[in-house]
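Please read the structure below before turning to the comments.
Heavy-atom basis, side chains included; hydrogens, waters and symmetry copies ignored.
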Amino acid sequence: MKATMKEVAELAGVGLGTVSRVVNGVKVKDSTLKKVEDAIRELNYQPDEYARGLKTNRSHIIALIIPTIWHPFFSEFAYHVEKDLAKRGQKLFICNAEEDGQKEFEYLQMLEKNKVDGIIGITYSDIDQYVSSNLPFVSIDRHFSERIPYVTSDNYGGGKLAAEVLIEKGATQFAFIGGTNQFENETELRKVGFSETLQKKGLVVKKLDMLEPIDNLHEKIEKFLVDNPDIDGIFTVNDFMALNVIKVSEKLNRFAPADYQIIGFDGLKSAVDQEYYVSTVAQPIELMAKEAVQLLVNVIEKKTGETRIVLPVQFEDGGTTKV
């Protein structure tokens with residue numbers, strides 16, 4: 001039979017109200033806290049989350065909106081968000097939006113109806129009108145307004161770093177290959193940082209900049225590479241784009257890093273202990289997750305503080321650049 005709060009109180013030798021305070025995260029004396037926690041463990045007591053939510057007007061659930069669960073970056077980010085929330089006694093509700101603005105709007109409605117306490121959103125859809133400062137919302141890589149906090153990597157600095165690494169490793173003919181979303185976001189700065197760094201050195205950057213969603217991607221990449229056969233230093237908007245470029249290049253009998261060098265962006269691996277898919281500008285994914293959770297907690301608890309957090313990136317060799 002499921003243990004009750006009353007049984008926990010009796011075993012711990014405290015009042016029912018004390019157990020309730022512990023369960024709901026209210027501070028009590030350390031000695032009292034230990035007695036209650038020991039009793040909870042011994043009885044395997046499970047708090048009624050629904051009842052707790054009614055009393056505190058909190059669900060202790062955070063929603064994470066991601067474009068797709070299939071992308072390794074979003075999956076790893078979700079993993080670290082869940083891990084950090086668990087330490088805080090909160091649960092994660094993953095919203096696999098599949099880049100569907102209607103789905104994202106429905107999740108925001110859940111927030112308004114107190115089904116979740118807050119949302120961390122990686123979204124490239126037209127939801128600006130639904131995101132307001134009175135909703136606990138933290139954005140990743142997208143700036144909605146001065147009142148909506150967001151976390152991002154140093155995208156401009158990452159583009160600059162990619163240019164500097166390619167120059168250092170002997171590339172002379174440069175290209176940027178990527179997709180542009182119709183809704184402005186921080187990832188655009190990767191291209192800007194790369195291009196401006198090279199242009200300041202008097203170097204030309206050829207660009208294949210495609211509007212998303214992209215149709216016939218491989219055909220467009222192949223035409224660009226065939227039209228620009230001298231390119232030997234490529235920077236792509238993300239690692240997946242780099243993998244597509246590599247696949248098309250191999251079809252053209254060109255191989256990295258012997259025939260050209262290529263750097264992606266994100267820092268994707270198939271697992272923690274595996275090599276990077278490509279040479280890459282790696283984002284600090286775990287730190288991004290932790291900062292996003294902390295920002296959201298601050299919003300929920302109405303604490304003032306930083307609303308824009310920019311995190312450093314670093315170059316990682318994935319075998320598609322020269323040693």
Test log, rule side chain to side chain contact (heavy atoms under 4.5 Å, CB included), inputs T187 and F265: CA-CA 10 Å; T187 61; F265 197 110; over 6 Å; no
Y79 OH: over 12 foreign heavy atoms closer than 6.0 Å: no
Linked, directly or transitively: Y260 and Y276 (ILVMFWY side chains, under 4.5 Å): no
Criterion side-chain hydrogen bond (donor to acceptor under 3.5 Å, both in side chains) against N298, the qualifying member of E301, Q294, K302: Q294
With sequence neighbours excluded, residues passing salt bridge (Lys or Arg N to Asp or Glu O under 4.0 Å) with D209: K191
Closest non-hydrogen atom pair, R142 against S139: O-OG, 2.6 Å
Lys/Arg-Asp/Glu bridge criterion (N-O < 4.0 Å) met for D84, R88: yes
Over all atoms of both residues, closest heavy-atom pair of L296 and G118: CD2-C, 3.9 Å
Any S195 side-chain heavy atom under 4.5 Å of F174 side chain: no
Closest heavy-atom pair and its distance - Q283, D266: NE2-OD1, 2.6 Å
Audit row: L161, D154, side chain to side chain contact (heavy atoms under 4.5 Å, CB included) steps and yes/no: CA-CA 10 Å; L161 177 60; D154 184 1; over 6 Å; no
Path from F255 to I221 over hydrophobic side-chain contacts below 4.5 Å: no
Nearest-0.5 Å distance, SG of residue C95 to CG of residue L64: 7.0 Å
Distance (rounded to the nearest 0.5 Å) between L295 CG and T307 OG1: 8.0 Å
Sole candidate of K251, R254, K247 that passes salt bridge (Lys or Arg N to Asp or Glu O under 4.0 Å) when paired with E222: K251
A171 to G233 - nearest heavy-atom pair and separation: CB-CA, 3.8 Å
Salt bridge D38-R41, side-chain N to carboxylate O under 4.0 Å: yes
Nearest atoms (heavy-atom pairs only) where I300 meets P136: CG1-CB, 3.7 Å
Any T280 side-chain heavy atom under 4.5 Å of L268 side chain: no
Pairwise side-chain contact, V293 with H80, heavy-atom cut-off 4.5 Å (strictly under): no
Pairwise distance CD1(I62) to CD(Q90) - rounded to 0.5 angstrom: 5.0 Å
Minimal non-hydrogen separation, S153 against V313, with atom names: CB-CG1, 3.7 Å
Residues clustering with Y156 (ILVMFWY side chains joined when closer than 4.5 Å, directly or via others): L189, V192
Pairs flagged by salt bridge (charged side-chain N to carboxylate O under 4.0 Å, His left out) wherever residues 313-323 is involved - sequence neighbours left out: none
CE-CZ distance between M241 and F176, expressed to the nearest 0.5 angstrom: 8.0 Å
Y45 vs M5 side-chain heavy atoms within contact, under 4.5 Å: yes
Neighbour count above 12 (heavy atom, 6.0 Å) for K290 NZ: no
CA sep, side-chain torsions, deciding dist, call: I167, T197, side chain to side chain contact (heavy atoms under 4.5 Å, CB included): CA-CA 11 Å; I167 291 172; T197 301; 5.6 Å; no
From K83 atom NZ to L85 atom CG, the distance as rounded to the nearest 0.5 Å: 13.0 Å
Ring geometry between F77 and F73 (parallel below 30°, tilted from 30 to 60°, perpendicular above 60°): parallel
Backbone of T152 reached by a side-chain donor or acceptor of D141 within 3.5 Å: no
Summary of salt bridge (charged side-chain N to carboxylate O under 4.0 Å, His left out) pairs that have at least one residue in residues 225-240, sequence neighbours excluded: K223-D227
Any pair counted as salt bridge (charged side-chain N to carboxylate O under 4.0 Å, His left out), so long as it reaches residues 271-282, sequence neighbours left out: none
Short side-chain to backbone donor-acceptor contact, S75 and I69, under 3.5 Å: yes
V165 with V204, same ILVMFWY side-chain cluster at under 4.5 Å: no
Mutual orientation of the aromatic rings belonging to F235 and F194 [parallel < 30°, tilted 30-60°, perpendicular > 60°]: tilted
I177 side chain reached by M210 side chain, heavy atoms, under 4.5 Å: yes
K34/D30 under side chain to side chain contact (heavy atoms under 4.5 Å, CB included): CA gap, chis, key distance, verdict: CA-CA 6 Å; K34 185 178 185 309; D30 289 343; over 6 Å; no
Close side-chain approach of S249 and L225, heavy atoms under 4.5 Å: yes
N244 vs V248 side-chain heavy atoms within contact, under 4.5 Å: no
Within-4.5 Å side-chain heavy-atom neighbours: I65 and I120: no
Interatomic spacing from CG in L198 to CD in E164 - rounded to 0.5 Å: 9.5 Å
Side chain to side chain contact (heavy atoms under 4.5 Å, CB included) involving L311 - partner list, sequence neighbours excluded: V151, P284, L287, M288, E291, I309
Flag, side chain of S279 to backbone of T320, donor-acceptor distance under 3.5 Å: yes
Cluster link L243 to F74, ILVMFWY, side chain under 4.5 Å: yes
L211-L208 co-clustered via ILVMFWY side chain contacts under 4.5 Å: no
